[in-house]
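I have placed the structure first, in the form of structure tokens, so that the comments after it can refer back to it.
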Amino acid sequence: MTETRTIGELADTLGLDYVKLRTPFKRLQQTNLYLVIGSDGGATPKNKYLRQITNINKYFAKASLVDDEIFNFVKDQFEYYQNEITNVESVCKRSYLNEKDLSKFIKNFDRNEQNDFIARNMFSKNQSDALIRTRIDDLISLYLKKKISETKDTTAVVPSFDAKTKLTKDKIITVHLLEGVRTRTWKQGVVVGFYFSKKAGCELPIVALYNQNIELDDAVKLDPKSRGNFHFAKRKLGNKQPVVWTIPINDLIDYSVTDRRKKKEAEKKNVDSHYFYFLNMLLSTLSKYQIGCEFLTHGNYRHPFIQIITDPVTFHLNDFIVSKDDVKKVAEIKLKTFGKPNVEELEKTCRHFTQKLGTNFRVVKNKNELIIQSDLRKVLVGWFDKESEPVLKGLQEYSVKSGIPMDLLAGKILQDFYSIYIEPSLHEEATTVADQFKLYFKENGEK
């Protein structure tokens, strides 16, 4: 027989004033949490506990009766709330994140993200008060990825610190997107975005670390500390055919909500450090040889990426490889910054971060050089009317997920359109490509 106790006894067990249970019991009914009461995993008939919970809410009093199963369920919910749940306010107190903005981000979660990060608990006031404590690091990573996709500035003045004392002492430095830095705990990483922190009163760098985590840092130093700032030449539009580099942030941090084991193994093995070494080589080359370039951020919080559009790039690998003439300190810096590069691996990585369309690679073995060029040309492809909005939206979504810029996709579609629909049915009277287009549109009702 089910034992019956009172709201007063339940409150004493939880160490609460009984009136503190009024609102949680309302949530228990309004959110349908009562459906999971019992040991059968939710298969209990809906009305078994609803009647009693309804009566408790209607005639709430210290002497209100509570079935044993409801009593234990509320007790478990309270213990879980105390031990396994945290809130946005607590997260922001121990970090430099903005509470209001983080709450807004959480409020817009879809169903899958709610299941990943938010607990269903009768003691939680709202979603911002129901964060699963063990998922906070992943939640912050997802939030920072959103801020990366919204980053507009390519450089920022950020706090730095004294290498010996680790104190800031009002030190500031200018850092650039994808520039190598060290954190206050001396971890290596690259800057992937900027975040204005109200708590810090300034912009702070978002750093992708070599251990494949991502974090917001209150101070950084350039890495290696012996070098000065990079200085990039602005690319002159129309001057040279561009090489388009796409750097997906997920490639650097290996963030995966659904595969926790993969992330932990990657952290131990540090398998993708060569991506960071490559970025150090690319930025060093762009700065040293004053190769025209521009940096842009794209994507969304699931798939942010940084795009670099450059003039042709020549990697001089001898700039990065340890030579017999290097003193010990220089050799150590090269190894920590560039790894042990070779032209075959570098070409493979360059192919990973560039588009197949229009990008050409040439190895000069006797000089240990890799040359990346492009035969792309920028043109206005077309305009979309209202009827074409679903097509444009789908193309934008694919662009975000694939990391391939919209303009490159549109160019590829135009090429494929010609190859598939026009070229196979060439007209004898059409002696030029322009004539072929003219006849095609004439047959399809276009002027």
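Fair warning: this is a prediction, and the values are worked out from it, not measured in the lab. Only this structure's heavy atoms are used, side chains among them; waters, hydrogens and symmetry mates stay out.
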Checklist entry - If every non-hydrogen atom of Leu209 is compared with every non-hydrogen atom of Phe276, which pair is closest and at what distance? => result O-CZ, 3.2 Å

Checklist entry - Going from CG on Asn318 to NZ on Lys367, what distance comes out if it is rounded to the nearest 0.5 angstrom? => result 11.0 Å

Next on the checklist: Evaluate Val157 against Ile173 for side-chain contact (heavy atoms from CB on, under 4.5 Å), listing each step before the verdict.
Outcome noted: CA-CA 6 Å; Val157 176; Ile173 58 172; over 6 Å; no

Item to check | Atom of Thr151, atom of Phe194 and distance for their closest heavy-atom approach | outcome: OG1-N, 3.4 Å

Checklist entry - Should Glu332 and Lys336 be marked as a salt bridge (charged side-chain N to carboxylate O under 4.0 Å, His left out) after you check the CA-CA gap, both sets of side-chain angles, and the distance that decides it? => result CA-CA 6 Å; Glu332 288 178 352; Lys336 290 179 179 179; 5.2 Å; no

Checklist entry - Between Asp17 (side chain) and Lys20 (backbone), is there a donor-acceptor pair under 3.5 Å? => result no

Checklist entry - Does the side chain of Gln307 come within less than 4.5 Å of Ile247's, by heavy atoms? => result no

Item to check | Lys348 and Glu344 ion-paired at < 4.0 Å | outcome: no

Checklist entry - Are Val91 and Ile136 close enough, and set up right, to give a side-chain contact (heavy atoms from CB on, under 4.5 Å), and what steps lead you there? => result CA-CA 8 Å; Val91 170; Ile136 292 303; 3.9 Å; yes

Checklist entry - Hey, does the side chain of Ser160 reach the backbone of Lys171 with a donor-acceptor pair shorter than 3.5 angstrom? => result no

Checklist entry - Ion pair present between Asp101 and Lys147, side-chain N to carboxylate O less than 4.0 angstrom? => result yes

Checklist entry - Considering all heavy atoms of both residues, which atom of Leu177 and which atom of Gly193 are nearest to each other, and what is their separation? => result CD2-N, 3.6 Å

Checklist entry - What is the ring orientation for Phe315 with Phe278, classed by angle as parallel under 30°, tilted 30 to 60°, or perpendicular over 60°? => result tilted

Next on the checklist: Quick check on the 6.0 Å ring-centre criterion: do Tyr289 and His316 meet it?
Outcome noted: yes

Checklist entry - Rounded to the nearest 0.5 Å, what separation is found between the CG atom of Asn368 and the CZ atom of Phe320? => result 11.0 Å

Checklist entry - Would you call Glu150-Lys146 a salt bridge at under 4.0 Å N-O? => result yes

Checklist entry - Are Tyr301 and Phe105 near enough that their ring centres are under 6.0 Å apart? => result yes

Checklist entry - Given side chains that start at C-beta, do those of Tyr143 and Tyr195 come closer than 4.5 Å, heavy atoms only? => result yes

Next on the checklist: As an exercise, state the distance from CD1 of Ile371 to OG1 of Thr314, rounded to the nearest 0.5 Å.
Outcome noted: 4.5 Å

Checklist entry - Can the positive tip of Arg227 be found less than 6.0 Å from the middle of the six-membered ring of Phe230, inside 45° of the ring normal? => result yes

Item to check | Test item: Asn108 side-chain N/O and Lys104 main-chain N/O as donor-acceptor pair under 3.5 Å | outcome: yes

Item to check | Val220 to Thr183 - nearest heavy-atom pair and separation | outcome: CG1-CA, 4.5 Å

Checklist entry - Is there a donor-acceptor pair under 3.5 Å between the side chain of Ser197 and the backbone N or O of Tyr96? => result yes

Next on the checklist: Whether the Ser90 and Asn87 side chains hold a donor-acceptor pair (N or O, under 3.5 Å, no angle test) is what I'd like checked.
Outcome noted: yes

Next on the checklist: Rounded to the nearest 0.5 Å, what separates atom CE in Met281 from atom CG in Leu370?
Outcome noted: 10.0 Å

Checklist entry - Is the gap between the ring centers of Phe305 and His298 under 6.0 Å? => result yes

Item to check | Donor-acceptor pair, side chain of Lys334 and main chain of Ile321, under 3.5 angstrom | outcome: yes

Next on the checklist: Measuring only between side-chain heavy atoms, which start at C-beta, is Leu21 closer than 4.5 Å to Leu16?
Outcome noted: yes

Checklist entry - For Ile118, does its backbone N or O pair with a side-chain atom of Arg135 as donor and acceptor, under 3.5 Å? => result no

Checklist entry - Are any side-chain N or O atoms of Asp326 and backbone N or O atoms of Val322, one a donor and one an acceptor, separated by less than 3.5 Å? => result no

Checklist entry - Centroid-to-centroid, Tyr275 to Phe353, below 6.0 Å? => result yes

Checklist entry - Is it true that Arg302 and Glu113 have a side-chain N and a carboxylate O under 4.0 angstrom from each other? => result yes

Item to check | Donor-acceptor contact present, side-chain Arg235 to main-chain Cys293, <3.5 Å | outcome: no

Checklist entry - Among Asn121, Ile132, Asp129, which one satisfies side chain to side chain contact (heavy atoms under 4.5 Å, CB included) with Ile85? => result Asn121

Checklist entry - Got a donor-acceptor contact below 3.5 angstrom from the Ser287 side chain to the Leu283 backbone? => result no

Next on the checklist: Looking at Arg133, I'd like to know if its CZ atom is crowded, meaning that more than 12 non-hydrogen atoms belonging to other residues, nucleotides or ligands lie closer than 6.0 Å.
Outcome noted: yes

Checklist outcome for this item: Here the pair of heavy atoms bringing Thr297 nearest to Ile148 is CB-O, 3.8 Å

Next on the checklist: Show the nearest heavy-atom pair for residues Thr337 and Tyr210, with the distance to one decimal.
Outcome noted: O-OH, 4.3 Å

Checklist entry - Could you state the interatomic distance from CG (Leu216) to CG (Leu144), rounded to the nearest 0.5 Å? => result 6.0 Å

Item to check | Donor + acceptor pair across side chains of Lys199, Asn98 (<3.5 Å) | outcome: no

Checklist entry - Under 6.0 Å between the ring centres of Phe338 and Tyr277? => result no

Checklist entry - Does the side chain of Asp223 pick up a donor-acceptor pair with the side chain of Gln188 at under 3.5 Å? => result yes

Next on the checklist: Using 0.5 Å steps for rounding, measure from the CG atom of Leu296 to the OG1 atom of Thr154.
Outcome noted: 9.0 Å

Checklist entry - Given side chains that start at C-beta, do those of Leu346 and Cys350 come closer than 4.5 Å, heavy atoms only? => result yes

Item to check | Asp153 side-chain N/O to Ala156 backbone N/O, donor-acceptor pair under 3.5 Å | outcome: no

Checklist entry - Yes or no on side-chain contact (heavy atoms from CB on, under 4.5 Å) for Ile140 and Glu215, after CA distance, side-chain angles and deciding distance? => result CA-CA 8 Å; Ile140 292 175; Glu215 64 184 29; over 6 Å; no

Checklist entry - Under the side-chain contact (heavy atoms from CB on, under 4.5 Å) criterion, do Ile214 and Val207 qualify, and how do the steps go? => result CA-CA 6 Å; Ile214 185 172; Val207 180; over 6 Å; no

Item to check | Heavy-atom side-chain contact between Ser374 and Val244 under 4.5 Å | outcome: no

Checklist entry - Heavy-atom distance under 4.5 Å between the side chains of Phe232 and Ile291, does that happen here? => result no

Next on the checklist: Looking only at the side chains, is there a donor atom on one of Asn229 and His176 sitting less than 3.5 Å from an acceptor on the other?
Outcome noted: no

Item to check | Carboxylate-amine/guanidinium contact Asp217 Lys187, below 4.0 Å | outcome: no

Checklist entry - Is any side-chain heavy atom of Phe25 closer than 4.5 Å to a side-chain heavy atom of Val74? => result yes

Next on the checklist: Taking side chain to side chain contact (heavy atoms under 4.5 Å, CB included) as the criterion, tell me which of Val190, Leu222, Thr155 meets it with Val175.
Outcome noted: Leu222

Checklist entry - On the ring face of Phe123, is Arg27 found with NZ or CZ under 6.0 Å from the centre and within 45° of the axis? => result no

Next on the checklist: Less than 4.5 Å apart, side chain to side chain, heavy atoms only: is that true for Leu252 and Leu279?
Outcome noted: yes

